[in-house]
Q: 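Here you go, one structure.
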Amino acid sequence: GSTVQLRGDAEIGSEGQFVQGRFPIFRISTNDDMRVDLDRVGQVNKIQIRATQMDLRPFLKQELSSSSAPSNAMGDLDIDLKAGVLTGYLNQSMQQADLRLSNRNGDIRDFRLTAKFEQQLVSGQMGKGDTGQSAILIESGNAGDLLRFLDLYRRMQGGRILLQIS
């Protein structure tokens with residue numbers, strides 16, 4: 001198995017509730033190089049991640065697993081992630097990644113993504129799905145790289161894609 005390594009400080013309130021954490025060293029996977037700041041603001045947990053390199057596979061595996069429902073274990077979340085390199089499956093990596101995500105009561109309310117697969121842009125945002133419901137829309141100038149990164153399909157090379165996740 002993998003070993004999580006973190007160093008830093010956490011503040012717990014008088015009633016045992018989490019208040020904030022500053023972790024200048026935070027590793028979930030061996031090659032991770034990131035710092036994480038956590039703050040509780042009202043009922044929202046704000047997570048800021050700054051990474052030279054971050055392995056997304058543990059998160060992708062959990063979120064893309066057909067047997068797991070979306071997790072709300074951390075409650076309402078605002079995630080602000082900036083990373084030089086995000087590693088996915090099949091030796092694929094995104095560069096210059098900037099991700100913003102807001103989750104309220106288990107529902108994704110805001111999603112924004114900009115990144116690159118080599119020179120091809122990847123972008124994501126909230127939008128309307130085919131039936132009018134809220135959906136995450138992710139567009140890539142390299143469909144093959146995106147599908148391999150997510151471990152959804154291995155045999156495509158190049159192409160454009162618009163993924164709709166609802």
Side-chain angles (χ1 to χ4, degrees), residues 1-12 18-40 44-103 106 108-125 136-158 161 163 165:
S2 65
T3 301
V4 174
Q5 178 185 6
L6 57 102
R7 288 190 192 136
D9 298 301
E11 181 182 334
I12 306 299
F18 174 81
V19 176
Q20 72 175 9
R22 303 284 177 261
F23 303 99
I25 296 175
F26 197 101
R27 288 188 184 101
I28 294 174
S29 298
T30 305
N31 293 325
D32 286 347
D33 179 10
M34 61 182 157
R35 118 179 154 258
V36 176
D37 292 338
L38 307 165
D39 288 291
R40 178 110 177 143
V44 179
N45 292 302
K46 295 186 176 276
I47 302 171
Q48 182 185 70
I49 302 168
R50 297 296 181 258
T52 303
Q53 177 154 339
M54 180 180 179
D55 187 347
L56 274 188
R57 290 175 294 182
F59 303 100
L60 292 171
K61 183 177 182 179
Q62 177 182 340
E63 293 303 317
L64 296 176
S65 170
S66 60
S67 64
S68 69
S71 173
N72 197 31
M74 288 193 65
D76 292 347
L77 288 176
D78 284 343
I79 298 173
D80 173 4
L81 178 139
K82 291 185 188 322
V85 177
L86 290 177
T87 304
Y89 289 98
L90 302 168
N91 297 318
Q92 298 301 308
S93 61
M94 284 186 191
Q95 295 83 32
Q96 301 171 5
D98 187 343
L99 170 76
R100 307 286 173 114
L101 183 138
S102 291
N103 180 327
I108 296 175
R109 300 286 173 89
D110 187 30
F111 177 86
R112 288 175 276 157
L113 169 69
T114 57
K116 290 182 179 182
F117 284 115
E118 298 189 15
Q119 298 303 315
Q120 296 297 320
L121 293 177
V122 179
S123 64
Q125 63 189 13
I136 294 174
L137 306 174
I138 300 175
E139 186 172 6
S140 176
N142 190 323
D145 283 355
L146 179 62
L147 293 173
R148 282 188 299 280
F149 182 89
L150 297 171
D151 198 21
L152 294 176
Y153 188 73
R154 297 171 182 231
R155 296 186 178 166
M156 180 176 274
Q157 299 294 321
I161 191 167
L163 283 179
I165 304 167

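Heads up: numbering here begins at 1 and tracks the sequence. What you see is a predicted model; the values in this text were computed from it and never measured.
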Q: Let me confirm one number: the OG-CG distance from Ser123 to Leu113, rounded to the nearest 0.5 Å.
A: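 Nearest 0.5 Å value for the OG-CG distance: 7.5 Å.
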Q: Using a 4.5 Å cut-off on heavy atoms from C-beta on, say whether the side chain of Gln48 contacts that of Arg35.
A: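 A side-chain contact exists here, since the closest heavy-atom pair is under 4.5 Å.
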Q: Do Leu56 and Met94 have side chains that get closer than 4.5 Å, going by heavy atoms?
A: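 No, their side chains stay 4.5 Å or more apart.
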Q: Could you state the interatomic distance from CZ (Arg148) to CG (Asn91), rounded to the nearest 0.5 Å?
A: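 Reported to 0.5 Å precision, the distance equals 10.0 Å.
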Q: For Phe23 and Asp37, which heavy atoms make the closest approach, and how far apart are they?
A: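 Answer, listing the atom of Phe23 first, then Asp37: N-OD1, 4.2 Å.
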Q: Suppose we screen for side-chain contact (heavy atoms from CB on, under 4.5 Å). Which residues come up paired with Leu121, at least two apart in sequence or across chains?
A: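 Leu121 satisfies side-chain contact (heavy atoms from CB on, under 4.5 Å) with Lys116 once adjacent residues are dropped.
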Q: Please test Ile108 against Ile165 for side chain to side chain contact (heavy atoms under 4.5 Å, CB included), starting from the C-alpha separation and ending with a verdict.
A: CA-CA 11 Å; Ile108 296 175; Ile165 304 167; over 6 Å; no
Q: Under a 3.5 Å distance rule, please check whether Gln53 uses its side chain to pair with a backbone N or O of Gly84 as donor and acceptor.
A: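 Checked: no pair found.
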Q: For Gln5 and Arg7, run side chain to side chain contact (heavy atoms under 4.5 Å, CB included): C-alpha distance rounded to whole Å, both residues' side-chain angles, the deciding distance at 0.1 Å, then the answer.
A: CA-CA 7 Å; Gln5 178 185 6; Arg7 288 190 192 136; 3.4 Å; yes
Q: Salt bridge check, Asp80 against Arg50: does any charged N sit closer than 4.0 Å to a carboxylate O?
A: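 Result for this pair is yes, salt bridge flagged.
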Q: What distance do Lys46 atom NZ and Leu77 atom CG have between them, rounded to the nearest 0.5 Å?
A: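 Taking NZ in Lys46 and CG in Leu77, the distance rounds to 10.5 Å.
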Q: Kindly indicate whether the side chain of Leu60, heavy atoms from C-beta on, has any atom under 4.5 Å from the side chain of Asp151.
A: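 Sidechains of Asp151 and Leu60: no contact.
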Q: Shortest non-hydrogen contact from Pro24 to Gly8?
A: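 Here Pro24 and Gly8 meet closest at CD-CA, 3.8 Å.
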Q: If you compare all heavy atoms of Ala97 against all heavy atoms of Leu86, which two are closest, and at what distance to 0.1 Å?
A: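 Answer, listing the atom of Ala97 first, then Leu86: CB-CD1, 3.3 Å.
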Q: If you count every heavy atom of other residues, nucleotides or ligands that lies below 6.0 Å from Arg109 atom CZ, does the total exceed 12?
A: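 Count over threshold, so yes.
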Q: Calculate, to the nearest 0.5 Å, the distance between atoms CD and CD belonging to Gln92 and Glu118 respectively.
A: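 Taking CD in Gln92 and CD in Glu118, the distance rounds to 8.5 Å.
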Q: By salt bridge (Lys or Arg N to Asp or Glu O under 4.0 Å), which residues pair with Asp55, not counting sequence neighbours?
A: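 Partners of Asp55 by the salt bridge (Lys or Arg N to Asp or Glu O under 4.0 Å) criterion, ordered by chain and then number, come out as Arg57.
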Q: How close do Asp32 and Ser29 get, counting heavy atoms only, and between which atoms?
A: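 Looks like OD2-N, 2.9 Å.
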Q: First locate atom CG of Asp110, then atom CG of Leu101, and finally report the distance between them rounded to the nearest 0.5 Å.
A: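 One finds 7.5 Å between CG of Asp110 and CG of Leu101.
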Q: Does Ile12 form a side chain to side chain contact (heavy atoms under 4.5 Å, CB included) with Phe18? I'd like the steps, not just the answer.
A: CA-CA 5 Å; Ile12 306 299; Phe18 174 81; 4.3 Å; yes
Q: Taking side-chain hydrogen bond (donor to acceptor under 3.5 Å, both in side chains) as the definition, give me every residue that meets it alongside Glu11, ordered by chain and number, with sequence neighbours left out.
A: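 Residues passing side-chain hydrogen bond (donor to acceptor under 3.5 Å, both in side chains) with Glu11: Gln20.
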Q: Please report the interatomic distance CG(Leu152) to CG(Leu146), rounded to the nearest 0.5 Å.
A: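 Here the rounded value is 7.5 Å.
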Q: Quick check: closest heavy atoms across Phe117 and Ser93, and the distance to 0.1 Å?
A: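 Smallest interatomic distance, heavy atoms only, reads CD2-O, 3.3 Å.
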Q: Are Ile49 and Phe26 side-chain neighbours, meaning at least one heavy-atom pair lies under 4.5 Å?
A: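 A side-chain contact is absent here, since even the closest heavy-atom pair is not under 4.5 Å.
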Q: Do Thr87 and Asn31 come close enough that some side-chain heavy atom pair is under 4.5 Å?
A: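 Result no, sub-4.5 Å side-chain heavy-atom pair not found.
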Q: Are Arg22 and Asp39 close enough for a salt bridge, meaning some N to O gap below 4.0 Å?
A: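 Salt bridge flag = yes for Asp39 with Arg22.
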Q: I'd like to check Leu38 versus Asn45 (side-chain heavy atoms, cut-off strictly below 4.5 Å). Are they in contact?
A: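 Sidechains of Asn45 and Leu38: no contact.
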Q: Stepwise, does the side chain to side chain contact (heavy atoms under 4.5 Å, CB included) test hold for Arg154 with Leu90?
A: CA-CA 8 Å; Arg154 297 171 182 231; Leu90 302 168; 3.5 Å; yes
Q: Contact between Asp98 and Arg100 at the side-chain level, heavy atoms closer than 4.5 Å - yes or no?
A: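 Yes, their side chains come closer than 4.5 Å.
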Q: Which atom names give the shortest non-hydrogen contact between Gln120 and Gly141, and what distance separates them?
A: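 In this case the closest contact between Gln120 and Gly141 is OE1-O, 3.4 Å.
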